[in-house]
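Read through the structure below, which is laid out as structure tokens, and then see the notes.
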Amino acid sequence: MPELPEVEVLRRSLIPRLLGRRIVEVEVSNPALREKVDGARLAAAAAGRRIVGLGRRAKYLLVDLEGDHSLVVHLGMSGRLTVVAGGAPREKHEHVAFHLDDGARLRFRDPRRFGLVLALPTAGLLADRRFAGLGPEPLAGGLTGETLSRAAGRRRGAVKSFLLDGRVVAGVGNIYACEALHRAGIHPRRSVARIAARRWTRLADAVRATLEAAIAQGGTTLNDFTDGAGASGYFQVSLAVYDRAGEPCPRCGKPVRRIVQTGRSTFYCGGCQR
DNA sequence: CGGGCGGCCTGGAGGC
DNA sequence: TGCCTCCAGGCCGCCC
């Protein structure tokens, strides 16, 4: 379940393996991802081009190519992007492969096919409809209590759902929304209309701290995530509440509870989240 | 326009 | 052992 930290860990792990490499061939085995993969367009954008940068916006990995195009990769739920030896056999669910000039292969594997691989013009990339409505990058200085408070505006919904809204803040998914609320001591069902300035600041700080801690530990590997070399993260051992229903809260010892909000699981501590 | 919800998709887990 | 159901959830589109 790759969220911002996992994509950031992936990005950093790919830099030494991809930067300066030339893509020699693009192979699409199954175009049926979230958006149909346009193999001809991918090849036109990437074949013969060097990789000159690796960026990230929200949960999207941005591969900057020489020329005027970038590759945009989203891991969805179960996507993995890894660099493997050129002779490695094609894996099940390996839908897209980029063959590199050093003989290696950049493999995109995604059993659930919620992911995305496409090429877009680099100029104005972030103005693309997929990025245009996104909220601030939480680790780029754009996330403050005031940002959150202003985004809340006249909204009245639960703060957990609010944090999951990419227009509010980019890159926060279910795991880190739960963890950040726990860190901030805020109940996931609390209405955003009933959060004071001081608590917005605490929440913004908690979101940043949670994401940074997860990146420092290589991300969270519950089922699928690995970095570009195939290595798992280990933040899952640091999760305070996520997927820990019934276990004691690491802060106050009361049992962690599971509820469902807008169709997805929320984990929190009824003792220290108010 | 905010917000809720279904659909997409497969593998793994759990029940019987 | 095998079959069934459910669940994981990012994102989009539809609806009220």
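Below, read A as the first sequence line, B as the second, and so on, with proteins coming before strands; counting in each chain starts at 1.
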Does A/R194 offer a backbone N or O that forms a donor-acceptor pair with the side chain of A/R190 under 3.5 Å?
yes
Closest to the [X] side chain: [options]?
| X | options | value |
| --- | --- | --- |
| A/P111 | B/dG11, C/dG10, C/dA8 | B/dG11 |
| A/Y60 | C/dA8, C/dG10, C/dC12 | C/dC12 |
| A/R167 | B/dG2, B/dG4, C/dC12 | B/dG2 |
| A/R155 | B/dG2, B/dT10, C/dC11 | B/dG2 |

In whole Å, what is the span from the [atom1] atom of [X] to the [atom2] atom of [N]?
| X | N | atom1 | atom2 | value |
| --- | --- | --- | --- | --- |
| A/E91 | B/dG11 | CD | P | 12 Å |
| A/R264 | C/dC12 | CZ | P | 12 Å |
| A/R112 | C/dC6 | CZ | C1' | 13 Å |
| A/E94 | B/dT10 | CD | C1' | 17 Å |
| A/K92 | B/dG12 | NZ | C1' | 13 Å |
| A/L33 | B/dC9 | CG | P | 11 Å |

Within the 4.0 Å heavy-atom criterion, would you say A/G263 contacts the bases, only the backbone, or no part of the nucleic acid?
nothing
Hey, does A/S161 reach any base, or is it just sugar-phosphate, or nothing, if we go heavy atoms under 4.0 Å?
nothing
If you measure from CG on A/L211 to CD on A/E137, what distance do you get to the nearest 0.5 Å?
9.5 Å
Sidechain N-carboxylate O distance under 4.0 Å for A/R80, A/E91
no
Rounding to the nearest 10°, end axes of the helix from B/dG2-C/dC16 to B/dC16-C/dG2 built from five pairs each make an angle of 50°
Is any side-chain N or O of A/R34 under 3.5 Å from a base N or O of B/dG7, one able to act as donor and the other as acceptor?
no
Is the shortest side-chain N/O distance from [X] to OP1 or OP2 of [N] below 4.0 Å?
| X | N | answer |
| --- | --- | --- |
| A/H74 | C/dG10 | no |
| A/S78 | C/dA8 | no |
| A/H93 | B/dC9 | no |
| A/R113 | B/dT10 | yes |

For a quick test of reading the model, state the closest non-hydrogen atom pair linking A/L116 to A/L118 and the distance between them.
CG-CD2, 3.3 Å
Is there a path of hydrophobic side-chain contacts, each under 4.5 Å between heavy atoms of I, L, V, M, F, W or Y residues, that connects A/V168 with A/L139?
yes
Flag for A/Y176-A/T220: side-chain donor and acceptor within less than 3.5 Å:
yes
Once you measure the plane-to-plane angle for A/F131 and A/Y60, does it fall in the parallel (<30°), tilted (30-60°) or perpendicular (>60°) bin?
perpendicular
